[in-house]
Each structure stands twice: as structure tokens, then as C-alpha cells.
Amino acid sequence: MKASAGGYARANDLSHAMELLASSDGSGRVLAGGQSLIAAMNMRLSTGDMLVDISRLSELSGVTEEADTLRIGALTKHVEIGADPLIRAHAPLLAEAVTCIAHAAIRNRGTIGGALAHADPAAEFPACMLALDAIIHIQGSNGERSVAAEDFFEDLFETSLEEDEILTAITVPKAEAGERQVLQEIARRSGDYALVGLCLVARSTGHWVSLLSVGSTPVLAHNAMTLLDQGDVDGAVVALRAEIDPPSDTQASAGYRRHIAGILLRRAVAQAKGEIA
Amino acid sequence: MTIQFGNPDRPNSYIGKTVPRPNAGRLVEGRGKYVDDITLPRMLHVAFVRSPFAHAKILGIDAEEAKSVKGVLRIFTGADLAEICTPWVAVLEHLKGLKSPPEYPMALDRACWVGEPVVAVVATSRSAAEDGAALVEVDYDPLPIVTDMMSALDATTPVLHTELGDNLAFQRLHEEGDVDSVFQTAHKVVSAHFKTGRHTGVTPEPRSILVDWNPAERQMTAYHATQAPHMMQTALAEHLDIPESRVRVICGDVGGSYGIKVHVYPDEVATAAIAKIMARPVKFIADRLESFTTDIHARDHEIEARIAVDAEGKILAIDVDDWTAIGAYSVYPRTSAIEGNQVVNLCGGPYDFANYRAKTTVVFQNKTPTCQYRAVGHPIAVTVTEGLVDMAAAALGMDPVEIRRRNMYADDVYPVTSPAKMRFEGLSHHQSMDKLVALMDYDALRADQAEARARGVHRGIGIASFIELTNPSPFMYGIGGARISAQDGCTVRMDPDGSIVALSGVTEQGQGTEAMLSQIVAEGVGVHPENVRVITGDTQVTPYGGGTWASRGAGIGGEAALRSAQALRDSILEVAAAMLQADQASLDIRDGQVVDTDTGAQRMPLEELGRIVYFRGDTLPDGLPRELVQTRHYITSEYPFAFTNGVQASYLEVDTETGIVTLLKHWCVEDCGRIINPQLVDEQIRGGIVQGLGGALFEEIHYDSEGQLLNGSMADYLVPMAGEMPDMIVGHVETPTKESALGAKGAGEAGTAGAPAAVMNAINDALRPLGAQVTEMPFTPERILRALGSIED
Ligand SMILES: Cc1cc2nc3c(=O)[nH]c(=O)nc-3n(C[C@H](O)[C@H](O)[C@H](O)COP(=O)(O)OP(=O)(O)OC[C@H]3O[C@@H](n4cnc5c(N)ncnc54)[C@H](O)[C@@H]3O)c2cc1C
């Protein structure tokens with residue numbers, strides 16, 4: 001199929017992008033890496049969009065170190081996140097996630113902001129944001145606002161972003177000394193979206209467990225987290241299986257996903273303890 | 001002249017060597033020319049409105065709004081095209097009882113599967129055509145649908161084509177010996193239920209056709225990604241009422257076929273009909289969603305089967321009940337009954353046993369039609385046979401290699417006829433098995449498996465012997481009335497400078513046909529392969545032939561090339577003898593030079609002979625034949641098919657917690673007769689194995705109960721990718737067919753035939769200590785965990 005776009009304009013800077021969005025009568029659509037949007041357009045799942053290309057806005061790209069946090073620009077590409085020394089040192093979960101995302105060609109163009117705004121529940125970065133307790137920064141016509149990751153993802157491919165808003169950056173807390181961040185997932189082929197994935201962050205303040213591909217949004221497994229905090233891994237596995245409501249599709253049934261979520265939690269805990277690589 | 005194949009140092013010894021592919025450099029340089037690379041003056045594009053319903057009456061079509069789209073020129077309904085295009089009925093007389101209704105290029109008043117073309121929108125660009133297609137309003141009245149295979153013949157199931165009376169397309173029962181009484185008394189009987197997943201070929205280049213009609217010459221030219229240009233020429237001529245001589249099918253570069261591109265597709269015929277009506281070139285390139293919904297599907301089978309063995313592991317009887325559902329129509333002109341028929345022909349293939357019963361039941365349903373895809377029926381028959389043999393071995397506590405050795409036809413019994421009435425000229429099951437066992441170091445692998453198991457790691461070894469049907473005679477299609485050629489031809493000529501041009505009826509799909517032909521012609525004439533220009537895929541210039549399918553290119557097309565090349569050599573030498581006043585028998589051609597056979601002394605370059613023949617023919621004796629062009633056609637006649645054989649092995653690891661299978665290594669030893677180009681054969685085997693592994697682990701088309709296809713994209717339909725593929729070790733045994741001088745049989749489908757069964761047996765070998773077994777392909781992580789009983793709901 002051939003894409004049918006409503007128009008295209010390349011933004012010179014953030015305020016230009018905001019203007020372009022504002023003047024597009026609701027049909028404006030931010031284009032970042034294009035790795036989800038162009039695919040959807042090529043299947044005519046999305047037509048008539050007025051594309052606002054933000055991919056050249058250098059101010060939205062790159063990783064910077066702040067006091068207790070890292071600030072990651074929305075246009076930072078997957079490949080850059082995977083290789084960034086600050087990420088590797090302070091948010092290793094994100095570097096690990098990159099190894100699970102698609103293939104090199106896609107990682108070379110796809111952006112973290114795009115992945116979050118797209119809000120595919122099967123994607124890695126959204127679940128990472130939950131496990132890392134990240135803050136998402138948004139520019140709107142009325143100024144800036146920030147949202148906790150857990151409040152950002154609302155439904156399947158739906159976020160709290162308004163039509164005229166642009167996701168500009170993410171801040172994640174720096175890992176403490178001794179903190180463990182682990183990602184475990186099961187995919188049919190390397191680079192495929194996971195059948196189920198699980199992020200585990202073990203901090204002095206407690207455990208964070210988030211999952212991908214088990215619902216219409218990435219989810220935090222609060223009950224499992226509480227039980228892990230109490231040191232009850234078996235209980236956490238049971239609680240985890242009980243608190244998720246995964247979908248069935250052509251790749252796997254809900255029952256398989258629920259079962260695997262428990263397996264992945266056990267593996268993640270073992271990996272965090274250094275028992276398995 | 002007979003070629004001394006046994007002597008690798010003979011002159012012009014190109015057959016049997018890996019030589020560079022003449023077209024590889026061009027393709028790597030990006031100079032390939034696929035149908036979509038061709039743009040003709042005044043060219044238009046067609047996009048099809050396809051049925052969103054699995055079964056519906058078409059009450060009305062409103063195209064007014066679509067007509068107003070900028071660039072849209074014309075819109076056609078099925079009725080419009082039926083005025084100039086006759087329908088086809090895909091049956092074969094030798095498949096008794098096979099029935100199918102007439103099929104038109106587009107649905108007339110009823111659509112029978114999701115994706116069936118209903119309206120064609122023609123525009124100046126594909127994009128405009130799609131814009132128009134989106135605005136066509138079709139008023140559908142949904143009809144009752146048939147999706148389930150096993151209940152398709154139930155009295156309560158609606159009949160899809162009421163005029164046919166029922167949903168049965170074809171049924172065949174073959175019986176040999178006394179199956180029932182053997183099963184009653186046998187030492188051990190093992191039975192199992194197998195399922196192979198419905199899948200499709202996923203060619204890198206989608207189906208593509210560009211058709212031009214020149215009313216002044218009354219000539220149709222179709223640029224077509226096809227395996228069978230002459231068959232398409234015949235089909236277009238017949239259904240669009242044009243003499244065959246005025247239909248030219250040109251098949252340039254083709255990006256993979258695998259059987260997908262050997263059929264007559266309604267939308268492609270529609271494109272030709274539209275070109276004829278509009279008298280303008282019209283292009284149709286399937287997009288990926290169209291590929292999934294309209295390329296033929298295959299392998300949708302369910303089989304109940306059992307085997308009876310004695311205490312020594314001798315196979316006493318095999319009983320197979322195969323079911324397959326083929327979609328809404330039998331596919332033209334090969335028909336959709338061949339796959340089931342092959343299952344009947346091929347089950348038990350490697351084994352010397354007496355009592356055999358096999359039945360196939362082929363039913364209609366409201367899904368995409370199925371037809372021949374690489375290794376037609378083989379993966380199913382091999383899975384059933386080899387699955388049963390392994391289960392019998394386990395029941396007897398016997399090693400899987402040993403039970404096969406006890407049952408395979410001895411290497412010295414040939415010719416022999418199998419209980420399925422297949423005639424084998426010469427196979428090498430035992431030699432192949434010996435070679436496989438040595439290549440894989442079977443005992444060491446068993447030790448590794450035991451060591452891993454002690455660590456709680458579950459590895460498995462799976463073996464699968466197989467036979468492969470190649471080089472088909474007219475017994476496959478022709479005797480059934482299909483205009484599908486089993487013979488093939490080649491014209492070889494010498495140009496004035498001594499360079500050689502070979503025009504062949506077999507085609508290049510990316511598999512190296514042209515390299516293979518260049519080697520044969522080079523050796524046959526006596527020139528370097530670089531001096532042979534091979535032309536394929538143009539019905540206006542190449543001899544009439546069948547094209548590329550059923551692993552026939554080398555065996556049939558290669559033999560025709562050899563015979564025509566040798567005939568040209570004789571013609572050249574006849575002229576040379578006259579010019580040199582020598583005895584023709586004392587002369588040879590080597591490396592482009594006429595030489596003395598005994599001494600190798602150079603007598604004359606071919607260039608000089610060309611100069612004289614073409615420009616100074618006056619100096620040659622009167623009456624001397626001077627045709628430096630020769631054509632030969634070849635057809636097999638003694639055997640309906642040239643069977644090949646082989647055996648594969650898989651070593652893999654099953655993660656019993658997640659159900660993920662990791663392929664560790666794969667082996668294949670096969671016997672395709674004379675090997676013309678070792679590298680090309682090895683890569684055919686490897687590519688075939690990859691497709692077989694896809695069937696075993698990944699590929700499955702899903703439909704819901706409404707007949708909606710659920711996974712029509714590359715993200716949802718999983719093809720095997722490099723990351724998951726194991727190292728593959730390929731070995732050969734060579735038993736040339738005696739039917740031809742070349743001795744080549746086919747190699748294109750062996751890999752696909754055996755790989756799924758090898759993987760299934762390996763998984764079950766890994767799972768057996770845990771009491772689990774899988775027989776439903778693909779072996780997804782979930783199916784494996786369910787077999788292990790790990791999943792609660
Ligand atoms: C074959 C394939 C496999 C893939 N596999 C995976 C995988 O395994 N795991 C995974 O996580 N992802 C996978 N992806 C998706 C990939 O990671 C995409 O890059 C990502 O989802 C989108 O990022 P993008 O920059 O390309 O966004 P785009 O495609 O440009 O945009 C996506 C959406 O987000 C919006 N958007 C983008 N940036 C912003 C912004 N700054 N502010 C507001 N809205 C914005 C767009 O308007 C659009 O709606 C895969 C993609 C492909 C093509």
C-alpha cells in the first residue's frame with residue numbers, strides 16, 4: 001500500500017514545531033524516527049496526517065547528567081541509548097532494553113520519545129519507565145508539564161499527551177550503588193516484540209517490577225513488588241500471575257503469558273542476585 | 001560424445017564444479033531488473049478492492065465517488081472482465097472426481113474468501129488507484145461460511161458451492177496388502193495425530209505483472225515474475241482469446257518463487273484483461289498484505305496415522321488418513337488436490353514394507369486457496385512417516401537410526417516399486433544414513449545429550465529420512481489435461497566471434513539456473529562458461545518448456561542444454577573438419593579452440609570458424625551443413641518421476657520452562673544424482689532447510705472462525721530469520737539417473753521435505769523423558785509447554 005499523508009513540514013526548533021502543530025487543525029502528527037508511524041502510514045492505518053518532522057531538533061537529543069537524575073532527550077535514538085556511558089552507568093536497564101528492540105536498522109532511527117509516545121504495550125522502553133519511576137517532560141502550547149510514568153500510559157497506544165503537545169525529555173533517577181536493574185523477556189525470534197517481558201529494579205527503597213505485553217499498557221506489578229520487598233519470591237510469583245490480565249493473540253494465549261510472567265520473575269530475581277547471567 | 005564424468009581432469013570439465021554465477025555480479029551491483037523496475041510509456045496501475053468477507057453475496061457496486069479521484073481513469077467489475085475473459089476450472093482428469101467451480105478473474109456475484117478481488121481501480125499511479133479503491137462502495141450480504149476442515153463434510157455444514165453438491169473437492173484411497181489384519185496381530189501398534197500449519201511462501205519480491213496490449217499488432221506482452229512463462233503464455237492466450245504466437249511473456253529477474261509464482265492468479269489475469277480493454281500497459285504489484293491474503297497457501301493438513309511393527313522393528317503396515325482444506329477454489333491449472341495426492345504417494349517412502357493404506361480428503365472452505373508450495377506434500381508425508389517411525393522405535397526401546405537401517409530399501413534392490421506404487425530407479429538410503437551418522441558424529445552427540453540432561457538441560461536428536469519427487473514426466477499434469485509442459489528445450493548457437501548463446505525454457509528465480517546452464521553448455525560445446533550467454537524467460541525466443549518447478553530445472557532443462565550443446569559441437573566440428581581437411585572424429589573443441597583430440601594441439605579458434613561460416617561461406621564446400629545453431633528438447637520417459645533421497649538430522653535444545661526451542665545444528669545428506677554445481681546444490685539444500693525449519697517452528701497462517709486472516713504482516717507471520725538458524729552441514733551421495741546423459745535429478749526441495757520432521761523428532765527426543773510429545777506444527781513455545789502440562793488455563 002502507498003502512504004497517504006496530508007502534508008509534511010520540517011520544524012526548525014521546538015517553538016516552530018509547536019506552531020506547526022497548532023496550525024494543523026488537529027491533524028498534526030509529530031514525526032520522530034518514523035519507525036512506528038511510517039509503518040502505520042504504509043498500511044494506511046493512519047491517513048491524512050499533517051506530519052511535523054521534529055527529527056532535526058538537536059535540542060531534544062542526547063543524555064545529560066543532573067544531580068540525582070539523568071535527563072534523556074526525546075529524540076535520543078535507541079542506538080545512542082545503547083552505547084551511552086551515562087546510561088550504562090546510571091540506568092543500565094535502558095541499555096539492556098536496547099538489545100531487545102528490533103534490529104539495527106530500526107534502532108538507528110527509532111527514538112525513545114517516539115517509543116514512549118507510541119505507547120505500544122509490547123515495547124521495552126515504556127515498561128522500563130515504570131520500573132525506573134521515570135518522569136516524562138512535555139511541552140504544550142501553554143508551557144511545560146511533567147508526568148510520572150505511571151500516569152503517562154493510559155491505554156493501548158494512548159498516553160496523556162494532548163494533540164498539540166510534544167514529549168521533550170525523560171528524567172530517570174540514577175541507580176544507587178548496589179542497585180540491580182534486570183530485563184528478562186521471551187520472544188519467538190531475536191528482535192521480535194516480546195511475548196512477555198519483565199523489568200526488575202531492586203533498590204534500597206524497594207523492588208520495582210514492570211511488565212510488557214501483558215495488557216493494554218505497560219503495568220507495574222504492585223502486589224508482586226510488595227511480596228518481593230518481604231523477601232517472598234514464591235508469593236510474588238503467585239501474586240504476579242494473579243494481578244495481570246494478559247491478552248491472547250496469534251502468538252500466545254493469556255495462559256501462556258501469565259505462566260511465563262512468573263518464570264521471568266524468578267529468572268529476574270536470580271539474575272539480580274547474580275545467580276544467573 | 002559421452003562425458004567422462006569420473007575424470008575431474010577431463011577437458012572442459014565444468015560440470016561438477018562451482019563456477020561463478022553469471023548474474024550474481026549484476027544483481028549485487030543493483031542492476032537487477034524486476035517487473036516493478038520496468039516503466040512503459042502510458043503505463044497505468046491497478047489496485048484491487050478485495051472482499052472483506054469470507055463469503056458474501058455482492059448486491060451492488062457503487063464506484064461513482066472513486067471515479068472522481070484525481071488520476072483514476074477506469075473502474076472494472078467482475079462482470080466487465082467476464083465479457084472478454086473466459087473462466088477456468090482447475091481439475092485434472094487423472095485425479096478422479098476432483099471438482100471445482102468455474103473461476104473468473106474477479107468475483108461476479110459472490111465473494112468466497114477474504115482477499116478475493118471484487119473491483120479493479122485503474123489509475124495513473126498506484127497511490128491514486130488505492131485512493132479510488134478506498135472509495136468504492138460494495139454492498140455485501142454475508143453468507144454462511146465454512147472454515148473448519150474436519151467438519152466441512154458434515155451434513156449440518158453449509159455447502160460452499162451449492163452447484164457442486166457438497167464441500168468435497170477430491171478424495172483418494174490407496175490400499176496395498178492387508179492393512180487391517182496386520183494391525184490386529186502386530187507386535188506393536190503406535191498411532192498419532194499430526195497437524196501441519198497452513199503457511200505461505202513469502203517471496204522477497206511479491207507477485208508482479210505488467211501487461212501491454214498492442215492493438216495494431218494484436219500482440220500481448222506480459223512482463224511477469226513467474227516460474228512458468230510458457231504456461232502463462234498459454235493461459236493468457238486461451239482465456240483472453242489471442243493466438244499463443246501473439247502472447248509474449250517476459251520473465252526477467254525474479255525475487256524468489258518457491259512455488260508461489262507457478263499458478264494462474266485471478267488478479268494477474270484481470271490485469272491482462274484490463275490491459276487488453278484499455279490498450280495501455282497496466283501494472284500490478286502485490287503489496288505485502290495482498291501477498292498474505294492472495295498468494296497461495298499450503299500445508300493445511302490434519303492426519304491420523306498409525307504404524308505396525310514386529311519385535312525386531314520391521315515395519316509391517318502404515319495407515320494414513322489425511323485431511324486438507326484448500327480454500328474456495330482449486331487453483332488453476334495445477335489444481336489443489338496434488339498436495340493431498342502427494343501425501344498418499346510419499347508416506348512410508350524410504351521403507352521396504354508391504355501393507356499400506358492412505359487416504360486423502362480434500363475439502364473446500366472460505367479461505368485463501370492453497371496449492372503447490374516448495375516440496376509439495378513432502379514435509380507432511382515425511383513428518384507423518386518419520387514421526388511414526390520414531391514413536392515405534394521408542395515403543396520398542398530401539399535407537400532411531402537402527403530402526404531406519406532395518407527398514408530402508410537396501411541400496412542394491414533397485415529398480416523397485418513402493419507400496420504406494422512409486423517406482424524408484426536408484427536410491428542410496430543406507431549410504432546416505434552412514435554418511436550422516438559419520439558427519440554428525442552420532443555417538444558423540446548422544447553422549448553430549450546425556451551429559452546435558454544430567455545438568456537439567458534438555459537436548460534432542462531428530463532424524464528424518466525422505467524421498468523427493470523430481471523431474472516429473474507428463475504423468476504429473478499433462479495426462480490430466482493440463483497444458484503444463486513436462487518437456488523442455490534449449491537452443492544453443494555460436495555467434496561469429498565464437499561466443500555462445502543458449503536460450504532455455506527453464507527459468508531463473510534467483511536459484512542459479514543460468515549458472516547451471518552455462519556450465520553444461522560450456523562443457524557440451526567446449527568453451528569457457530564466461531563465453532556462454534544464457535537467455536531464459538522470454539517466450540518469444542526460448543524453446544517451449546515447462547519452466548521451473550518440481551525440481552526439474554537441472555534434470556530436464558539441463559539435459560536439453562547438454563544435448564543441444566553437444567549437437568552444436570558436432571555441427572562446429574563438421575565444418576572444422578571440412579576446413580581443416582581432417583577426420584571429424586579426430587577433432588575436439590577445448591576452451592574455444594578446435595584442437596586435435598589426441599595431442600590437444602590447437603588447429604583453429606572458433607572465431608576463425610565463425611568468420612568463415614558467416615562471412616565467407618563461399619569458401620566452404622557446397623552442401624556442407626552450416627547451422628551453427630541447434631535445438632534439442634528433452635522429456636523423461638522411462639520413469640514418471642526421478643526420485644531422490646536423503647536424510648536429515650537436527651540437534652536442538654528445549655527450554656522446558658519457556659518452551660523456546662534453540663536449534664543447535666542441522667545436517668543433511670542427500671542424493672540428487674549428478675551434481676552440476678556443488679555450491680548451488682548446497683545452497684538449495686540450506687535454503688530449503690530454512691523453509692522447513694520455518695514450518696516446524698514459526699510459520700502459521702491464522703484465521704478466526706469468521707474466516708478473517710489474523711496475521712497478514714511480516715510482524716505477525718513469522719518467517720525464519722538468520723538469528724535463529726543453526727549451522728547446517730550438507731553432504732552428498734551421487735546416484736545419477738540413467739535416463740539422461742547428464743544424470744541430474746532435482747535438489748530444490750529436499751531441504752524443505754525433511755527439516756520439519758527432523759525438528760519434530762528432535763523436540764520429542766528431548767521431551768520423551770518428561771513424558772511429553774508434540775505433533776502439531778509449528779512447535780510454538782506455548783504448544784511445547786502445553787504438551788508438558790505446565791500451563792494451567
Ligand atoms: C520491524 C520493527 C520492529 C520493532 N520492534 C520493536 C521492539 O521489539 N521493541 C520496541 O520497543 N519497539 C520496536 N519497534 C518500534 C521502534 O522502537 C520505534 O522506533 C518506536 O516505537 C517509535 O519511535 P520513532 O522515533 O520511530 O517514532 P515515530 O514512528 O516517528 O512516531 C511514533 C508515534 O509517536 C509520536 N511521537 C514521536 N515522537 C514524539 C514526541 N517527541 N512527542 C510526541 N509524540 C511523538 C508520533 O506522532 C507517532 O504517533 C519496532 C519497529 C519496527 C518497524
Side-chain angles (χ1 to χ4, degrees), chain A residues 1-6 35-36 39-45 47-48 99-100 102-104 106 120 122-123 184-198 237-238 241-242 245-267 270 276, chain B residues 45 47 69 123 125-131 133-134 197 285-290 655-662 693-694 697-704 709-725 778-786 788-793:
Chain A
M1 248 178 256
K2 304 292 177 199
S4 166
Q35 296 305 294
S36 295
M41 288 173 60
N42 284 342
M43 292 196 271
R44 290 203 176 196
L45 296 173
T47 55
T99 64
C100 298
H103 308 280
I106 293 150
D120 186 333
Q184 283 277 345
E185 68 171 53
I186 290 293
R188 299 271 301 274
R189 303 173 305 181
S190 58
D192 278 350
Y193 281 106
L195 297 179
V196 189
L198 181 143
V237 167
V238 174
R241 285 179 175 149
D245 183 16
S248 289
D249 58 29
T250 58
Q251 305 294 356
S253 70
Y256 177 84
R257 289 192 160 92
R258 183 174 285 116
H259 176 80
I260 291 299
I263 301 281
L264 294 182
L265 180 58
R266 274 189 206 289
R267 288 186 174 183
I276 57 170
Chain B
H45 299 259
V69 171
S125 71
R126 168 82 186 207
S127 184
E130 285 178 13
D131 288 344
I285 311 286
D287 69 25
R288 199 47 80 180
L289 177 61
E290 285 180 305
D655 181 337
T656 52
E657 281 188 343
T658 62
I660 295 276
V661 172
T662 305
L693 296 176
L697 293 180
F698 302 111
E699 299 186 48
E700 184 173 27
I701 299 251
H702 291 271
Y703 280 92
D704 68 11
L709 190 139
L710 299 178
N711 56 339
S713 82
M714 298 296 285
D716 301 316
Y717 180 89
L718 307 187
V719 293
M721 305 221 331
E724 283 65 45
M725 292 299 100
F779 306 114
T780 62
E782 173 151 6
R783 285 186 181 135
I784 287 173
L785 287 200
R786 288 197 182 277
L788 285 163
S790 324
I791 303 179
E792 278 146 33
D793 53 332

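Just so we're on the same page: letters track the sequence lines, and every chain starts at 1.
- For Ala286(B), no part sits under 4.5 Å from any heavy atom of chain A, backbone or side chain.
- Using a 4.5 Å cut-off between heavy atoms, Ser125(B) does not touch chain A at all.
- Looking at Ala187(A), the atoms closer than 4.5 Å to chain B (heavy atoms on both sides) all sit in the backbone: N, CA, C or O.
- Rounded to the nearest 0.5 angstrom, Thr250(A) OG1 and Asn711(B) CG are separated by 5.0 Å.
- Side-chain contact check for Met1(A) versus Leu289(B): some heavy-atom pair is nearer than 4.5 Å.
- Looking at Asn42(A), there are no atoms closer than 4.5 Å to chain B (heavy atoms on both sides), in backbone or side chain.
- Comparing Lys2(A), Arg189(A), Met43(A) by how many heavy-atom pairs each has under 4.5 Å with chain B, the most go to Arg189(A).
- Looking at Met714(B), only its backbone comes within 4.5 Å of chain A, counting heavy atoms on both sides.
- Using a 4.5 Å cut-off between heavy atoms, Leu718(B) contacts chain A through both its backbone and its side chain.
- Contact tally against chain B (heavy-atom pairs below 4.5 Å) for His259(A), Gln251(A), Arg44(A): the top residue is Arg44(A).
- Heavy atoms closer than 4.5 Å to chain A are found in both the backbone and the side chain of Asp131(B).
- Taking Thr658(B), Asp716(B), Asp655(B) one by one and counting their heavy-atom pairs under 4.5 Å with chain A, the maximum is reached by Thr658(B).
- When every heavy atom of Arg786(B) is checked against every heavy atom of Tyr256(A), the shortest pair comes out as NH2-N, 4.5 Å.
- Between the CD1 atom of Ile660(B) and the CD1 atom of Ile260(A) there is a distance of 7.5 Å, given to the nearest 0.5 Å.
- Closest of all the heavy-atom pairs between Ser127(B) and Ala3(A) is OG-O, 4.3 Å.
- Of the two parts of Ile285(B), neither the backbone nor the side chain holds a non-hydrogen atom closer than 4.5 Å to a non-hydrogen atom of chain A.
- When side chains are defined from C-beta on, Ile791(B) does not count as touching Arg258(A), because their heavy atoms never get closer than 4.5 Å.
- Both the backbone and the side chain of Ser253(A) have a heavy atom closer than 4.5 Å to some heavy atom of chain B.
- Annotation: side chain of Glu657(B) is in contact with side chain of Arg267(A) (closest heavy-atom distance under 4.5 Å).
- For Arg241(A), no part lies under 4.5 angstrom from a heavy atom of chain B.
- Contact record, Leu195(A) with Pro781(B): CD1-CG, 4.4 Å, taken as the closest heavy-atom pair.
- Heavy atoms closer than 4.5 Å to chain B are found in the side chain of Ser4(A), but not in its backbone.
- Side-chain contact between Met721(B) and Ser190(A) is absent, with no heavy atoms from C-beta onward closer than 4.5 Å.
- Applying the salt bridge (charged side-chain N to carboxylate O under 4.0 Å, His left out) criterion to Arg126(B), with sequence neighbours excluded, gives Glu130(B), Asp287(B), Glu290(B).
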